[in-house]
Undergrad: 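Quick one: the structure is below, questions incoming.
Atoms considered below: every heavy atom in the structure, side chains included; atoms not considered: hydrogens, waters and symmetry mates. The residues of the chain are indexed from 1 along the displayed sequence.
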Amino acid sequence: YRIDEVIEIVMHDRHAQETSHLISRQYDERTGVLREAMEDLFERKGREREALLARIKAEKIDEVHAVKALEELEAKYEVLQSDAQIEATAALDKRHAEEQLELRQHQLSEITHAFEQLAPEDILKQKQAEQARRQAEELQEFKESMDREQKDQIERIKAERKKIEEDLRRKNEEQLR
């Protein structure tokens with residue numbers, strides 16, 4: 001084994017554990033934020049649904065129009081749910097990505113520091129150049145991955161919203177016939 005391989009082997013388990021703890025904490029935080037946003041939304045939907053049902057009963061609205069009104073309420077809240085999820089997690093996802101990147105940079109600098117303490121000067125210079133290249137590659141890879149993930153999420157949401165809007169439009173057209 002070369003000294004740089006030994007250092008990475010020694011630190012690997014701790015670094016994996018640190019990364020795992022960070023991701024676990026971030027998952028819990030994200031889940032909590034989403035749960036809170038959805039609970040608020042579902043409470044609003046429940047109140048609005050109760051009011052709509054009371055109006056339907058009070059105004060003796062026929063079944064066809066009552067079903068249409070309830071379907072519109074559902075469609076409205078599907079869009080609102082999608083918006084609430086994006087809004088609740090957008091800033092969080094960015095911060096989480098930055099925290100993960102920060103941790104990885106810290107871990108790489110720990111490896112570099114350990115190597116500086118143990119390696120001869122000529123090997124140290126070679127390793128520092130290699131480390132700088134590796135850090136730049138990892139940073140670039142991470143940024144590209146985050147960009148792809150964000151674009152994919154936006155595309156999924158747009159497609160979902162478009163489908164909901166098309167369904168609503170189709171239902172309205174059917175009812176107008």
Undergrad: What are the two closest non-hydrogen atoms of Leu52 and Leu70, and how far apart are they?
TA: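 For Leu52 and Leu70, the tightest heavy-atom pair comes out as CD2-CD2, 3.7 Å.
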Undergrad: Give a yes or no on this: more than 12 heavy atoms of other residues, nucleotides or ligands lie within 6.0 Å of atom CD of Glu99.
TA: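 Enclosed: over 12 neighbouring heavy atoms sit under 6.0 Å from CD of Glu99.
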Undergrad: CD of Glu63: more than 12 outside heavy atoms within 6.0 angstrom?
TA: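 No.
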Undergrad: Whether Lys163 and Asp167 form a salt bridge (side-chain N of Lys/Arg under 4.0 Å from carboxylate O of Asp/Glu) is what I want to check.
TA: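 Yes.
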Undergrad: Evaluate the salt bridge (Lys or Arg N to Asp or Glu O under 4.0 Å) criterion for residues Glu173 and Arg169: first the C-alpha distance (whole Å), next the side-chain angles of each, then the deciding distance (0.1 Å), finally the verdict.
TA: CA-CA 6 Å; Glu173 287 172 2; Arg169 197 175 306 112; 5.5 Å; no
Undergrad: For Ala84 and Leu41, work out which heavy atoms get closest and say how close.
TA: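 That would be CB-CD2, 4.4 Å.
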Undergrad: How far apart are the C-alpha atoms of Arg156 and Glu160, what are their side-chain angles, what is the distance that settles it, and do they pass the salt bridge (Lys or Arg N to Asp or Glu O under 4.0 Å) test?
TA: CA-CA 6 Å; Arg156 276 195 311 274; Glu160 195 176 300; over 6 Å; no
Undergrad: What salt bridge (charged side-chain N to carboxylate O under 4.0 Å, His left out) pairs are there with at least one residue in residues 141-151, not counting sequence neighbours?
TA: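 Residue pairs passing salt bridge (charged side-chain N to carboxylate O under 4.0 Å, His left out), neighbours aside: none found.
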Undergrad: How far apart are the closest heavy atoms of Glu48 and Tyr77, and which atoms are they?
TA: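 Minimum heavy-atom contact is OE1-OH, 2.7 Å.
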Undergrad: Taking atom types as modelled, find out whether His106 and Glu18 have a side-chain donor-acceptor pair closer than 3.5 angstrom.
TA: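 Absent: no donor and acceptor within the cut-off.
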Undergrad: I need the full list of salt bridge (charged side-chain N to carboxylate O under 4.0 Å, His left out) pairs touching residues 30-39, with sequence neighbours left out, sorted by first then second residue.
TA: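 Non-adjacent pairs meeting salt bridge (charged side-chain N to carboxylate O under 4.0 Å, His left out): Arg30-Asp93.
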Undergrad: Picking from Gln26, Gln100, Glu29, what satisfies side-chain contact (heavy atoms from CB on, under 4.5 Å) with Arg95?
TA: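 Testing each of Gln26, Gln100, Glu29 against Arg95, the sole residue satisfying side-chain contact (heavy atoms from CB on, under 4.5 Å) is Glu29.
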Undergrad: Checking side-chain contact (heavy atoms from CB on, under 4.5 Å) against Leu108, which of Glu110, Gln105, Arg104 comes through?
TA: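 Answer after filtering Glu110, Gln105, Arg104: Arg104.
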Undergrad: Start with the C-alpha distance between Glu166 and Arg170, add both sets of side-chain angles, then the distance that settles salt bridge (Lys or Arg N to Asp or Glu O under 4.0 Å), and finish with yes or no.
TA: CA-CA 6 Å; Glu166 286 172 2; Arg170 192 172 44 257; 5.5 Å; no
Undergrad: Would you say the side-chain atoms of Thr31 pair up with the backbone N or O of Tyr27, donor to acceptor, closer than 3.5 Å?
TA: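 Flag set: sc Thr31 to bb Tyr27 pair under 3.5 Å.
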Undergrad: Please identify which of these residues, Lys57, Glu50, Arg49, meets the side-chain contact (heavy atoms from CB on, under 4.5 Å) condition with Leu53.
TA: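 The single option meeting the side-chain contact (heavy atoms from CB on, under 4.5 Å) with Leu53 is Arg49.
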Undergrad: Return yes when atom CD of Glu102 has more than 12 non-hydrogen atoms of other residues, nucleotides or ligands closer than 6.0 Å, and no otherwise.
TA: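 12 or below, so no.
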